[in-house]
Amino acid sequence: MSDFELLDPGAAFGGAQPADGGDPLLDGLNPEQRRAVVARGPALLIVAGAGSGKTRVLTHRIAHLIREKEAWPSQILAITFTNKAAAEMRERLGGLLGSGVEGMWVSTFHSACVRILRREAERFGYVSGFTIYDSADSRALLKRIIKDLDADTYGFTPANTSAKISKLKNELSDATDYASTMNASDPRERLFTEIFTAYEQELKRANAFDFDDLIGQTVQLFRAHPDVAAIYKRRFRHILVDEYQDTNHAQYSLIRELTKSVEREQLATLVPPVRERELDGLGRIPGASLTVVGDSDQSIYAFRGADIRNIVEFERDFSNAEVVKLEQNYRSTQNILSAANAVIGNNFDRQDKKLWTAEGDGDKIVGFTGYSQHDEARFVAEEIEDLHRDGMAYGDIAVFYRTNSQTRALEELLIRSAIPYRVLGGTKFYDRAEIKDAMAYLTTIANPFDPIAWSRMLGAPKRGVGPMAEAHLANFQEAEGVSFHQAMERAAEIPALGPKIRTTVVELADMLARATAMALGGGGTDVLPPVAEEADDETTDASRKKPAPVADVLKLVLDSTEMIEKLRAKRDPQDDARAENLEELLAVAREFDAQQPGAGLLAFLTEVSLVAAADDLDDQSGTVSLMTLHTAKGLEYPAVFITGVEEGLIPHQMSVDELGGINEERRLMYVGITRARQKLFITLASTRATFGDIAVAMPSRFLQEIPENLIEWRQSPGEVTGRGGTASRALNAGRAPGAGGSSGASWSRNRDSQVSFGAGSAGGSSAAVSEPASGNMQSALDKWRERKRLAKEAQAAGGGFPNTIVGNIRDNGDLELALGDRIRHDEYGEGRVNAVTGAGSKRVAHVTFDSVGERKLLVKLAPIEKLSE
């Protein structure tokens, strides 16, 4: 059967009546769900609250249309937002209809448009085998265009240019449209127009579309060729769209085009010929019946172009639309739903509804306020372990946060508590590229003989130092027997390097020398202080300065390289998140300096490396899921922790001045709350490291919108900020030796610097010339590549390099524990070992402490010592 063969379903449209009891497609549905399945008319809006069974309603509605012979499968177009959702819908429909789903279009917007464009491409100057550029392809093309136009000098990058072009295309605007409305006196706007125009021309020349073109070009096709649009408007008689609140302007326009009637002048071109029964009283083929499912309260993607007006104004856009509200929730307890209702009720841009459940009130929401993010993370880790001990699998627990930078404290506490976890939709904190880049600077300052750290440092951020220039520096370093930093200082002695490269390399070497002097105690601008062999110990000690705080060394690096500023300048949400991660790393350094004053850079690197290198734990009950609130949409868990419920985080500080920003942040909080099925924990801190500094954190306005009777506070904001506060629960909170409590003001660790570097310092990077890799140059490059390969193998095998980083930070890898052993924990006090499970770096001690009861500890990292009986 042809994909375009028009079949007669055997009954007039709109004739089905609600079935009697016993109908398998209607049994088990509540009255509103049943109404949504059987309703007929030109337009239907199903306002589906969280956990209200919308997917079931949507699939049963499609099956009901087919079973009642109101449509053939080939006349149905069902659109979802993800391939996963489309596959799930096809699977469910297959269970209801069997082979009856064949010929039905169940796909994403983009997939449906690709099918249409492949068929019709030749009508507007393309061939059906056109290429689709993904985001990497688009950015590569833009990078070349920006370079050709020298647009990078005006701050244009592939990332920020791609984001702006994408936004314009989603608004159905092209380069010509932009040029007609731009401010011609602004050189940046004129330059952007050139970039946009060149980008469109290059795509056309390559017979290619980018991802945003797929929908926009389909809309333009329908508008420019009414005869083509008539084919698809005639074919699809029932259009169903899921997650309608997430549609942007281009997607909305596509739906509008497909649901218009086929005018009389287009009827003669249609094949097969139009039959009388297809026409309305005006002699046209009426527009398709449209069903949209969504929830304005879960519209959280405005930054991707989603327009909440599409669903809020649906009844105005589509006359005679029927609205069905699905308010009965099958996921959460009533206390959780009441909290969600209370929060979202403060938004005005929504269709009013109240979620309810027949499952009972359930447990109250648990609230906790920590003194810092460490206290908060400690509480989360302990509660997760309590839930697990009571029989809940780790895989049934999720921890949400607003920004990725919040994961660092959570990850550290989960690792130390031997709780298996994974980061959904992201990367573990110390595995993130920007963190590795910054750590490479600190590592090469501590160990200027480390080839891996030095190589990474040269390229972050990019300065134009190519592989060949790097290889010449490395081979000079090896031949002269000096450190990498000394090789950079002596760049003028390397003939193969051009003058521009030499200048840049020496400038970078100077910065590394200043940073090294700080780390050794020589001050940020001093040269390394020589120590005369004949000087006595007293003179030597007096001449030495204490090492600068690690945070100061890191700040010098970040300021000198402008790593954060360059990320912020890209004006891309992902790059903003990377900048926040670097600021969080600066906060890590400040915390370390406060907890271990004078310990120095080497001790910091050792402590970080122990946490970063902790092996993933295995557990038969799965892993705890860590994710942002945006990632959480569409998921559900028996137990949920929403962390960082503070002003500046949720709502995020960047949303405060944006039009509708607070409302969207409130919807994000609503999404987070409604992911929880049985237990919900809301946590915050009274102080939090922001931009590398400790600042007072205020409870979120959304927290204050939840009725007090719904929350059981383990420690309220007032208890923390008032005199009734309890001792800090932070893992690294300072304490006097032997003290049972903890106070953030009394730090006991005051170690001498453990930094012991190799001779010399300096380092470099620069705008490099691109030399041809041939002859001796190729040999130099190959030699350096082989050195790096061997170095990486040595690292993987646990080896190192000359003068590699070592330190005396606690590493319990060799500590042997057995059943019955008594231990002392820095936070929990004394306890007895009940069991030791796992092996090697994954050994876990199960301990009953005298003060806090049972706890689980990763032996390698736990702050414990074995006591003699």
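As the structure is a prediction and not an experimental result, all values here were calculated from the model.
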Problem set entry | Min side-chain heavy-atom separation M511-V557 under 4.5 Å | yes
Exercise. Is the closest basic N to carboxylate O distance between E827 and R416 below 4.0 Å?
Worked result: no
For this session: Could you tell me whether R456 and D437 have a side-chain N and a carboxylate O separated by less than 4.0 Å?
Result: yes
Exercise. Would L458 and L508 satisfy side-chain contact (heavy atoms from CB on, under 4.5 Å), going step by step from the backbone distance to the final call?
Worked result: CA-CA 9 Å; L458 274 184; L508 180 57; 4.2 Å; yes
Exercise. Is the backbone of A491 close enough, under 3.5 Å, to the side chain of H472 for a donor and an acceptor to pair up by distance?
Worked result: no
For this session: Would you mind checking if D575 and R578 are paired as a salt bridge, meaning a charged N to carboxylate O distance below 4.0 Å?
Result: yes
Exercise. In Å, rounded to the nearest 0.5 Å, how long is the span from CG of L554 to OH of Y441?
Worked result: 11.5 Å
Problem set entry | Heavy-atom donor-acceptor pair, N581 side chain to E434 backbone, under 3.5 Å | no
For this session: Measure the spacing between CE of M518 and CD1 of I445 and express it to the nearest 0.5 Å.
Result: 9.0 Å
Problem set entry | Positive for side chain to side chain contact (heavy atoms under 4.5 Å, CB included) with K555, one of D552, D559, V553 | D559
Problem set entry | CA sep, side-chain torsions, deciding dist, call: E830, R822, salt bridge (Lys or Arg N to Asp or Glu O under 4.0 Å) | CA-CA 7 Å; E830 295 188 9; R822 293 284 295 178; 3.1 Å; yes
Seminar exercise, completed: Output for pair (E580 CD, E584 CD), nearest 0.5 Å, gives 9.5 Å
Problem set entry | Taking every non-hydrogen atom, the tightest pair across A453 and A440 | O-CB, 3.6 Å
Exercise. Taking atom types as modelled and ignoring hydrogens, do the side chains of Q373 and E591 form a donor-acceptor contact shorter than 3.5 angstrom?
Worked result: yes
Problem set entry | Distance, nearest 0.5 Å, that separates CG of D450 from CZ of F484 | 8.0 Å
Exercise. Would you say the side-chain atoms of R432 pair up with the backbone N or O of T427, donor to acceptor, closer than 3.5 Å?
Worked result: yes
Exercise. Can you tell me if E412 uses its side chain to pair, donor with acceptor, with the backbone of A409 under 3.5 Å?
Worked result: no
For this session: Calculate, to the nearest 0.5 Å, the distance between atoms CD1 and NZ belonging to I415 and K860 respectively.
Result: 11.5 Å
For this session: Determine yes or no for a side-chain-to-main-chain donor-acceptor pair under 3.5 angstrom, with K866 supplying the side chain and L817 the backbone.
Result: no
Exercise. Please walk me through it: do E411 and R408 pass salt bridge (Lys or Arg N to Asp or Glu O under 4.0 Å)?
Worked result: CA-CA 5 Å; E411 289 186 56; R408 196 268 309 173; over 6 Å; no
For this session: Report yes or no: is the cationic atom of R490 (NZ for Lys, CZ for Arg) under 6.0 Å from the centre of the six-membered ring of F476, at an angle within 45° of the ring normal?
Result: no
Exercise. Charged N to carboxylate O under 4.0 angstrom, E646 versus R402?
Worked result: no
Problem set entry | Y371 backbone acceptor or donor facing S686 side chain under 3.5 Å | yes
Problem set entry | Chi angles and distances behind the side-chain contact (heavy atoms from CB on, under 4.5 Å) call for R463, T561 | CA-CA 10 Å; R463 304 177 178 88; T561 59; 3.7 Å; yes
Exercise. Do F592 and V608 come within less than 4.5 Å of each other through their side chains, counting heavy atoms only?
Worked result: no
For this session: Could you check Q406 against T628 for side-chain contact (heavy atoms from CB on, under 4.5 Å), going step by step and ending with a plain yes or no?
Result: CA-CA 9 Å; Q406 292 171 247; T628 64; over 6 Å; no
Problem set entry | Whether over 12 other heavy atoms sit under 6.0 Å from K788 NZ | yes
Problem set entry | Residues T504 and E507: side-chain donor-acceptor under 3.5 angstrom | no
For this session: Indicate the atoms forming the closest heavy-atom contact of A519 with L601, along with that distance.
Result: CB-CD2, 4.2 Å
For this session: May I ask you to test the T444-H485 pair for a side-chain heavy-atom distance under 4.5 Å?
Result: yes
Exercise. Any donor and acceptor pair, going by atom type alone, linking the side chain of R855 with main-chain N or O of F849 inside 3.5 Å?
Worked result: no
Problem set entry | E565 with R568: basic N within carboxylate O range, under 4.0 Å | no
Exercise. What pair of heavy atoms forms the shortest contact from S560 to L556, and how long is it?
Worked result: OG-O, 2.7 Å
For this session: Flag the pair L857 / Y828 as yes when at least one side-chain heavy-atom distance between them is below 4.5 Å, and no otherwise.
Result: yes
For this session: Check the pair L649 / R688 against side-chain contact (heavy atoms from CB on, under 4.5 Å), numbers first and verdict last.
Result: CA-CA 10 Å; L649 283 178; R688 189 173 293 272; 3.5 Å; yes
Problem set entry | Contact check, side chains of L815 and I864, non-hydrogen atoms, under 4.5 Å | yes
For this session: For the pair T516 (side chain) and L512 (backbone), establish whether a donor and an acceptor sit closer than 3.5 Å, ignoring hydrogens and angles.
Result: yes
Exercise. With no hydrogens and no angle check, is any side-chain donor or acceptor of S372 less than 3.5 Å from a backbone partner on T687?
Worked result: no
For this session: Nearest 0.5 Å please: distance from the OG atom of S405 over to the CG atom of L582.
Result: 10.5 Å
Exercise. How about S455 and R787: does a side-chain donor come under 3.5 Å of a side-chain acceptor?
Worked result: no
Exercise. Do V380 and L413 have side chains that get closer than 4.5 Å, going by heavy atoms?
Worked result: no
Exercise. Between L586 and R590, is any pair of side-chain heavy atoms under 4.5 Å apart?
Worked result: yes
Problem set entry | Side chains of V588 and F604 in contact at under 4.5 Å (non-hydrogen atoms) | yes
For this session: Specify the closest pair of heavy atoms between V550 and A589, including all atoms of both residues, with the distance to one decimal.
Result: CG1-CB, 4.1 Å
For this session: Would you confirm whether E376, through its side chain, and T643, through its main-chain N or O, come within 3.5 Å as a donor-acceptor pair?
Result: no
For this session: Locate the shortest heavy-atom distance separating I564 from A579; write the atom from each residue and the value.
Result: CG2-CB, 4.1 Å
Problem set entry | Atom of L473, atom of L497 and distance for their closest heavy-atom approach | CD2-CD1, 4.0 Å
